[in-house]
Peer 1: 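For reference, the structure I am asking about is given below.
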2 protein chains.
Amino acid sequence: MSSVPPNSNNNPTAASAGSAAGASTNSSPTFSPLYQQIKALITKSLQSGEWKPGEMIPSEVELANRFKVSQGTVRKAIDELAAENLVMRKQGKGTFVATHHEERAQFRFLRLMPDEGVPHPGVSQFIEVKRMRAPADVARLLDLKSGDAVIFIKRVQHFDGVPTIVEEMWLPGIAFKGLTAERLEEYKGPMYGLFESEFGTRMIRATEKIRAVCAAEGDAALLNIAVHTPLLASERVSFTYGDKPVELRRGLYLTERHHYHNELN
Amino acid sequence: MSSVPPNSNNNPTAASAGSAAGASTNSSPTFSPLYQQIKALITKSLQSGEWKPGEMIPSEVELANRFKVSQGTVRKAIDELAAENLVMRKQGKGTFVATHHEERAQFRFLRLMPDEGVPHPGVSQFIEVKRMRAPADVARLLDLKSGDAVIFIKRVQHFDGVPTIVEEMWLPGIAFKGLTAERLEEYKGPMYGLFESEFGTRMIRATEKIRAVCAAEGDAALLNIAVHTPLLASERVSFTYGDKPVELRRGLYLTERHHYHNELN
DNA sequence: TAGTGGTCTAGACCACCCC
DNA sequence: GGGTGGTCTAGACCACTAA
């Protein structure tokens, strides 16, 4: 295996019906590079739970042997997974499945920063947790049918004793069966950590739309502010593996002692 | 040069006083990898204007020869520069210095998107352009002394005929000497394109802080809205090479038919 | 056809971590 | 000492672009 011409377009598994190897008349669909195929295979293992959040995945050499490719190819696949925050490399130790139970990951999805001092987790006050049928707009964003069961959560978050965020969340009822106010209240740590550990759903990406609005009566009362105080309104959809939407979150942020921080590159 | 042990910690230029090569007792400062040094050298050439925005930089092989390293090392350096949007690779053609004169780059720093339809550039209405002395807060953010000369620009941007953004900008007076209302008005294309082509300052990164506020009288008049309408208030500091701040921009965004879009990864 | 970036390999050595 | 990821090299071939 050392002096043969490399890369006869070997498919590392028997997954796809391989065809058209070295021929020059490859037409449109364009084959994906080996390392992309490896990346897809590793992602599938992550998704299937073969390696759990926080655990170490096999070493590069081991994966190279398993897939019958060079270490360099595995490396490039893992590089991309690390760039997408699906895994985390630790020199000298190994490569680990990313998890929401970590300092670093705490503020990955919450961009609201205190004007002064360092970011720190808030204190949750749950207002309501219930099962309901998904309204049309929620169903559309979560890729469900209108009327499908969803879990609804409403909470207020306090920072330094100041109520700052009021948010409503909708989660698919099937995947989050058994999520109750008690479970939420007794759980210490980030909510996405709970979802990951207890419900096997890991959020890996989100999109957010932000507007400015005026506080309505109910929200003003919860945040202990005057009606018509300007607030940031965020609508966030979070996705798990396979770009599947699994959470809709609508938040109102009080920006008197906080601001939404963003880096533009 | 083929069978010698590689990497005797050769410095590609005579820049730093090389020391401590293979010895095992390297103490704290930790040497940067070769490709990082190459990256720094390429960045310096970009900054000095050796290759201008839009131009092609030398090929990987050529740079490898120039720096006396392998093509793979140059490649890794350029990979990072491409990830930071300093250069753009085009397969089969070459690697090009990134520029703000491009479709792709138009909306890199403006995250305000129309609720319906595709993003498109707005129409500028310049309200005021003048030289002034930097107030303390502006000076601090631009890394100037209080009272240093700055260019002040105020404009309204219209989308589909609707005034949507009112923003104020401050630029260092020295770097932007000769920037007048006429120059701004006659220039077609993105403002950062003008700054890049006419003033040799390329914005490569920015940070943004966003809050919700109520429209004051003056802004309400400019945007043709009621006083106290909620608006997004953005404070953006843009940086050029070497993390040097070169623009402060304070904008108010009307979010009735637009929203601020963000991707969380 | 020649030149560019993109992929893949194989092997060496380094830096870091833990036993 | 032995394992992990990180760097660096050298050389082959592929895919795309332009003359």
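In the text below, chain A, chain B and the rest are named by the order of the sequence lines, each starting its count at 1.
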Peer 1: Could you check which of D:dC8, C:dT4, D:dC16 has an atom nearest any side-chain atom of B:Gln91?
Peer 2: D:dC16

Peer 1: Quick one: stems for DNA chain C, with Watson-Crick or G-U pairs under 3.5 Å, at least three in a row?
Peer 2: C:1-18 with D:1-18

Peer 1: C:dC8 C1' sits how many Å from A:Glu80 CD, rounded?
Peer 2: 15 Å

Peer 1: Can you tell me how far P of C:dT7 sits from CG of A:Asp79, to the nearest Å?
Peer 2: 12 Å

Peer 1: Would you check if the side chain of A:Ser48 reaches a backbone N or O of A:Ser45 as a donor-acceptor pair within less than 3.5 Å?
Peer 2: yes

Peer 1: Side chain of A:Ser70 only, please: which of C:dA10, D:dT7, C:dC17 is the nearest?
Peer 2: C:dA10

Peer 1: Is A:Lys93 close enough to C:dC18 that one of its side-chain N or O atoms is under 4.0 Å from OP1 or OP2 there?
Peer 2: yes

Peer 1: Is the distance from OP1 or OP2 of D:dG5 to the nearest side-chain N or O of A:Arg75 less than 4.0 Å?
Peer 2: no

Peer 1: Tell me whether the NZ or CZ atom of B:Lys209 lies within the 45° cone about the ring axis of A:Tyr260 and under 6.0 Å from its centre.
Peer 2: no

Peer 1: Do the side-chain N and O atoms of A:Thr207 and B:His261 include a donor-acceptor pair separated by under 3.5 angstrom?
Peer 2: no

Peer 1: In whole angstrom, give the distance that lies between atom CD of B:Gln71 and atom P of C:dG3.
Peer 2: 14 Å

Peer 1: Rounded to whole Å, how long is the line connecting atom CG of A:Leu34 with atom C1' of D:dA15?
Peer 2: 15 Å

Peer 1: Whole angstroms only, please: what is the CZ-C1' distance between B:Arg89 and C:dG6?
Peer 2: 8 Å

Peer 1: Taking NZ from A:Lys76 and C1' from C:dT7, how many angstroms apart are they, rounded to a whole number?
Peer 2: 7 Å

Peer 1: Among C:dG5, C:dT9, D:dT9, which nucleotide has an atom closest to any side-chain atom of B:Thr95?
Peer 2: C:dG5

Peer 1: Between B:Tyr192 and B:Ser238, is there a side-chain donor-acceptor contact under 3.5 Å, judged purely by atom types and distance?
Peer 2: yes

Peer 1: Taking atom types as modelled, is there a side-chain donor on B:Asp79 or B:Tyr35 under 3.5 Å from an acceptor on the other?
Peer 2: no

Peer 1: Just by distance, with hydrogens left out, do A:Glu196 and A:Thr99 show a side-chain donor and acceptor under 3.5 Å apart?
Peer 2: yes

Peer 1: Between P on C:dT9 and CG on A:Asn65, what's the gap in Å once rounded to a whole number?
Peer 2: 12 Å

Peer 1: Using the benzene-type ring in the case of Trp, are the ring centres of B:Tyr253 and B:His258 under 6.0 Å apart?
Peer 2: no

Peer 1: Between C:dG5, D:dC8, C:dT9, which nucleotide gets closest to the side-chain atoms of B:Glu60?
Peer 2: C:dG5

Peer 1: Give the nucleotide from the list D:dG6, C:dC8, D:dC8 with an atom nearest to the side chain of A:Thr73.
Peer 2: C:dC8

Peer 1: Take atom CD1 of A:Ile78 and atom P of D:dG6, then tell me their distance rounded to the nearest Å.
Peer 2: 9 Å

